[in-house]
Amino acid sequence: MTRSYAAAPFKVKMVEPIRMTTRAERERFIAEAGYNTFLLRSDDVYIDLLTDSGTSAMSDRQWAGMMLGDEAYAGSRNFYHLEDAIQSVYGYRYIVPTHQGRGAEHLISRAAIRPGQYVPGNMYFTTTRLHQELAGGIFVDVIIDEAHDPANLHPFKGNVDLDKLAALVAAQGADNVAYVSLAGTVNMAGGQPVSLANVRQLRAFCDQHGLKLYLDATRLVENALFIQEREEGYAGKPIAAIVREFCDLTDGAWMSGKKDNLVNIGGWLAVNDQELFEELRNWVVVFEGLHTYGGLAGRDMEAMAIGIGESVQDEHVRARVGQVRYLGELLPEWGIPIVQPVGGHAIFLDARAFYPHLPQVEFPAQTLAAELYLDSGIRSMERGIASAGRDPQTGDHYYPKLELTRLTIPRRVYTQAHMDVVAESVKAVYDARQSTRGLRMVYEPKYLRFFQARFERL
Ligand code: P61
């Protein structure tokens, strides 16, 4: 038997207590939170798998870097460290810091989309698509069909379907396509990777049609591990080399530093085109802050610069994805339906298969997140119909094929024993599935509704 869980390449120096609550307390907390795990207080959560965003544990070197913050309004030395780190790891020429990923998405969408243009992408992400739509773009999903099937074992379920892309370009004309929006890995598909062969084909297609290819690099180092493990010719290649090869095939990237880059806050944009850079650098001072801090403190830029270096170390990525996989291997043994193959940052429970008696309009994935919290105080996140929101053109719900509940693993935070506890709780909720009732939405915000929506039990 091969063991997939590589021991973490660190030891623990500081701890943060967490607290277990009683079932009676949790009944009250989740009702007060409108059955929405985003509305729980973190003090009332036992194991917090809401997200891996901004929840990583920083290293001692990163904390030391926090003490070296140069908090000058302009020209902070930490900005230059960050610029060096991004240029040397990701390879892009021009860098714009932002307060987090969506700040970068806002700027690139504004600069690169003309109202009415199409934006093809390998599955939507909530904030990415919203910024594309707010800039007047029309998002079109061009991911391969396999990505929409939780049980399909395709090794690169994040790949773009070139035929779908070609059909869009043929129908609308390349001039009406703003750019190709490529994410590696694909969050909403289950943290699924894109192969380098696919990016190479995509690059050739874009060159042929004069299209730009922009990358969401938020979890690219995890994508690089899958390439190392699964793609022919990459077995011995370091993660850093794979990341660089991937980026070199694209025209620019936006980043939520809160994931791969191992910081609690931060993001960036990076492009190779000088004219576009000048436009982005102009917009950043309007919405984020001066172009040498972009809404971040100097200390945050320093921590991110150091985090970028740590994030591409092979042992780190192997242990990180290995821990996710460890949890992913426990659940199917009990017949629990999850998205396969297991992705880079999370286990996604297939709520449709979990609760076949609940129609999608009764929010099965939201229900499952609430039930897990009730059982054990574990916090997860809905990634189904509530997250998908509404079509701005028709006003109707989007009905995503995937109705998932995400157990997201923060980097360098929890132990293998925590993963065992999570698995046992999922099993307990699974065993009680037949008597579980759904939810109805009683409060719905206009944008990114899932963050603040409220529900009641049916
Ligand atoms: C997450 F429920 N992700 O997964 P920002 N691109 C990608 C992301 O995963 C991402 C951003 C851009 C989060 C936080 C979050 O619907 C939600 O730094 C692939 O969060 O602005 C963020 O980066 C945006 C949770 C975001 C959500 C949107 O948990």
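Counting starts at 1 for both ligands and their atoms, following the listed order. Reckoned from all heavy atoms, side chains included, excluding hydrogens, waters and symmetry mates.
Ranking protein heavy atoms by distance to atom 18 (O) of ligand 1, first place goes to Ser256 OG, 2.7 Å. Nearest non-hydrogen protein atom to atom 12 (C) of ligand 1 is Glu105 OE2, 3.1 Å. In this structure, the protein non-hydrogen atom closest to atom 19 (C) of ligand 1 is Asp216 OD2, 3.3 Å. Protein heavy atom at the shortest distance from atom 20 (O) of ligand 1 is Arg102 NH2, 3.0 Å. Protein heavy atom closest to atom 2 (F) of ligand 1, with residue, atom name and distance, is Arg383 NH2, 3.0 Å. For atom 5 (P) of ligand 1, the closest heavy atom belonging to the protein is Gln100 NE2, 3.2 Å. Protein heavy atom at the shortest distance from atom 3 (N) of ligand 1 is Lys259 NZ, 2.9 Å. At the shortest separation from atom 8 (C) of ligand 1 among protein heavy atoms lies Phe125 CE2, 3.5 Å.
For Trp268 and Tyr92, the ring centers sit 6.0 Å or farther from each other. Taking the six-membered ring for Trp and the full ring otherwise, Tyr293 and Phe79 have centroids separated by 6.0 Å or more. Between Tyr124 and Phe139, the distance from one ring center to the other does not fall under 6.0 angstrom.
When all heavy atoms of Glu146 and Lys157 are compared, the pair lying nearest together is O-CE, 3.1 Å.
Salt bridge Arg200/Glu245: present, at least one basic N to carboxylate O contact under 4.0 Å. At a threshold of 4.0 Å, the pair Arg203-Asp251 counts as salt-bridged, since one of the basic side-chain nitrogens sits closer than that to a carboxylate oxygen.
The shortest N/O to N/O separation between Lys258 and ligand 1 does not fall below 3.5 Å. At least one N or O atom of Gly101 sits closer than 3.5 Å to an N or O atom of ligand 1.
When the options Thr127, Thr51, Thr185, Thr126 are ranked by their closest heavy atom to atom 24 (C) of ligand 1, first place goes to Thr127.
In this structure, Tyr447 places its OH atom where only 12 or fewer heavy-atom neighbours from other residues, nucleotides or ligands lie under 6.0 Å away.
Both cation-pi conditions hold for Arg383 and Phe450: the charged atom is under 6.0 angstrom from the six-membered ring centre and inside a 45 degree cone around its axis.
For ligand 1, the atoms sitting less than 4.0 Å from at least one non-hydrogen atom of Phe450 are 2 (F), 16 (O), 17 (C), 27 (C), numbered in the order shown with element in parentheses. Counting atoms of ligand 1 from 1 in the listed order, those under 4.0 Å from a heavy atom of Met381 are 2 (F), 25 (C), 29 (O).
Distances from ligand 1 to the non-hydrogen atoms of Trp254 include no value under 4.0 Å. Residue-ligand proximity: Arg406 is placed with a non-hydrogen atom under 4.0 Å from ligand 1.
The only option from Lys258, Arg219, Lys259 that meets the salt bridge (Lys or Arg N to Asp or Glu O under 4.0 Å) definition with Asp52 turns out to be Arg219.
Note on ring orientation: taking the six-membered ring where Trp is involved, the planes of Tyr94 and Phe277 are parallel (angle under 30°, cut-offs 30° and 60°).
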